[in-house]
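All chains are named by letter (A, B, ...) in the order of the sequence lines, taking the proteins before the strands, and each is independently numbered beginning at 1.
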Amino acid sequence: DAGVIQSPRHEVTEMGQEVTLRCKPISGHNSLFWYRQTMMRGLELLIYFNNNVPIDDSGMPEDRFSAKMPNASFSTLKIQPSEPRDSAVYFCASSTSAHTQYFGPGTRLTVL
Amino acid sequence: SQQGEEDPQALSIQEGENATMNCSYKTSINNLQWYRQNSGRGLVHLILIRSNEREKHSGRLRVTLDTSKKSSSLLITASRAADTASYFCATDRGQAGTALIFGKGTTLSVSS
């Protein structure tokens, strides 16, 4: 199994631009999680889906962030417009339950 | 907000020594997990201990759980340079099917 796949691995953009991060979970996993990791705040849960349905988006910082899961094999996290404080590593993880989670390699986002 | 808090924040030891990391949490849990993160990579699941278990072993890892004190410890015996990484505890929120909450981690450095 290829594991959780994220793209791009690195993204550098300018303030105000739209950023779209992509995730392909492990086949057969029905839960998908988006996290953000920074030195200051550690690993924060942004949103998670069960069976493609958003369950808890209370961690989404503000309306500039949105996430979708149109099918069981694909999810996106969009930031529009992006700001320098959004710079972080964004991880996607999937699981068959809320127990063991399998993480992708992350997308390192830099907003100038 | 963080559910789990690891202690110490950083730990430096020599190869062959044991490393102990602690985690405290705030609310009741179904299970507690430990993850490892190598620099620049995603988190990797190490071990899960259920709330009705007190101790669990996996190779050189030993995890204990004290639900009365809301704390857990991870012991790595006979450490190796390859164990150098950040270690995170993660807890659920006491309900099956909910997302995990991660602490800020302990950074372990093992020198040869």
**B:Glu17, CD: over 12 other non-hydrogen atoms inside 6.0 angstrom** = yes
**Complete:** Scanning both residues in full, the closest heavy-atom pair of A:Thr100 with B:Gln33 reads CA-OE1, 3.5 Å
**Within 6.0 angstrom of B:Arg80 CZ, more than 12 heavy atoms from elsewhere** = no
**Message:** If you count heavy atoms of other groups shown closer than 6.0 angstrom to NZ of B:Lys56, is the number above 12?
**Reply:** yes
**Message:** Nearest 0.5 Å, please: how far is CD1 in B:Ile101 from CG in A:Leu43?
**Reply:** 11.5 Å
**Item:** Side chains of A:Gln37 and B:Phe102 in contact at under 4.5 Å (non-hydrogen atoms)
**Value:** no
**Item:** Shortest non-hydrogen separation from A:Phe91 to B:Gly42 and the atoms involved
**Value:** CE2-CA, 3.4 Å
**Message:** Quick check on A:Tyr35 against chain B: is it the side chain, the backbone, both or neither that has a heavy atom closer than 4.5 Å?
**Reply:** side chain
**Atom OH of A:Tyr102 with >12 non-hydrogen neighbours under 6.0 angstrom** = no
**Asked** Crowded around A:Asp63 CG? As in, over 12 foreign heavy atoms under 6.0 Å?
**Response** no
**Message:** So for B:Leu43, is it side chain, backbone, both, or neither that comes closer than 4.5 Å to the heavy atoms of chain A?
**Reply:** both
**Request:** Could you tell me whether the side chain of B:Tyr35 and the main chain of A:Gln101 form a donor-acceptor pair under 3.5 Å?
**Result:** yes
**Prompt:** Counting only heavy atoms not in B:Arg50, do more than 12 fall under 6.0 Å of its CZ?
**Reply:** no
**Request:** For B:Lys104 and A:Met39, indicate whether the former's side chain and the latter's backbone hold a donor-acceptor pair under 3.5 Å.
**Result:** no
